[in-house]
Amino acid sequence: MWLDAAGTRWRRRGGLCTDKRVRRLLGSPEVRVLLFYGPHAPTEVEPADRDALWQRMSRYLEEPAVRDPGDFTDFDTGEFRDDQRRTLLVVEESC
């Protein structure tokens with residue numbers, strides 16, 4: 001469970017999302033998308049910026065991930081729902 005700044009309780013659905021599921025969620029304007037990177041507060045990803053995020057992260061979600069030598073970038077994703085059945089996609093980028 002995750003509690004956002006507005007006090008909404010979000011419950012995780014399953015484990016990590018598949019790349020197909022992530023792409024579908026990113027394409028839905030009804031889904032809230034948060035990007036966690038570093039020690040800063042999460043950034044909300046607006047629908048207009050989601051394709052660029054997908055382009056940046058898609059190769060890291062493939063099995064096996066496609067990386068250049070010395071590239072330690074990784075992305076983890078999770079789908080959450082609140083009590084009103086709204087959907088939240090959390091993307092965590094790490095290096």
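Note that the structure is predicted; figures quoted are calculated from it, not measured.
- Environment of CZ in Arg67: crowded, with over 12 heavy atoms of neighbouring residues, nucleotides or ligands closer than 6.0 Å.
- In this structure, the side chains of Val31 and Arg86 stay at 4.5 Å or more apart for every pair of heavy atoms.
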Item checked: salt bridge (charged side-chain N to carboxylate O under 4.0 Å, His left out) between Arg56 and Asp49, worked out -> CA-CA 11 Å; Arg56 200 169 85 231; Asp49 300 323; over 6 Å; no
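- Between the CG atom of Leu26 and the CG atom of Asp19 there is a distance of 11.0 Å, given to the nearest 0.5 Å.
- A donor-acceptor pair under 3.5 Å links the side-chain atoms of Asp4 to the main chain of Gly7, judged by distance alone.
- If you take SG on Cys95 and CG on Asp71, they are separated by 8.0 Å, rounding to the nearest 0.5 Å.
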Checklist line | Derivation of the side chain to side chain contact (heavy atoms under 4.5 Å, CB included) call for Arg21 and Arg13 | finding: CA-CA 12 Å; Arg21 182 73 179 152; Arg13 294 191 56 197; 4.1 Å; yes
Check: Going through the distances and angles, do Thr77 and Leu89 end up as a side chain to side chain contact (heavy atoms under 4.5 Å, CB included)?
Finding: CA-CA 7 Å; Thr77 58; Leu89 175 65; 4.3 Å; yes
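- Here Met1 is tied to no hydrophobic group at all, with no ILVMFWY side chain closer than 4.5 Å.
- Residues Arg23 and Asp51 are paired through a salt bridge, judged by an N-O separation under 4.0 Å between the basic side chain and the carboxylate.
- Here Leu88 is tied into one hydrophobic group with Trp2, Trp10, Leu34, Phe36, Phe80, Val90, each link being a pair of ILVMFWY side chains closer than 4.5 Å.
- Using a 4.5 Å heavy-atom cutoff, the side chains of Leu61 and Trp54 are in contact.
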Notebook entry, point to check: Given the rule in the salt bridge (charged side-chain N to carboxylate O under 4.0 Å, His left out) test, do Arg12 and Glu79 qualify, once you have shown the distances and angles that lead to the verdict?
Noted result: CA-CA 6 Å; Arg12 188 167 188 148; Glu79 182 179 350; over 6 Å; no
Next item on the list: Tell me, with the steps shown, if Asp82 and Arg9 meet side chain to side chain contact (heavy atoms under 4.5 Å, CB included).
Entry: CA-CA 6 Å; Asp82 70 1; Arg9 293 178 192 264; over 6 Å; no
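- Two residues are said to be in side-chain contact when any heavy atoms from C-beta on lie closer than 4.5 Å; Arg59 and Thr73 fail this criterion.
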Less than 3.5 Å apart, which donor and acceptor atoms pair up between the side chains of residues 38-48 and the rest of the protein, not counting sequence neighbours?
unit_1	atom_1	unit_2	atom_2	d
Glu44	OE1	Arg32	NE	3.4
Glu44	OE2	Arg32	NE	3.4

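- Checked for salt-bridge contact, Arg11 and Asp83 meet the test: a charged N lies under 4.0 Å from a carboxylate O.
- Shown here for Gln55 and Ser58, the closest heavy-atom pair between the two residues is O-OG, 3.9 Å.
- Here the closest non-hydrogen pair linking Tyr37 and Glu93 is CD1-O, 3.3 Å.
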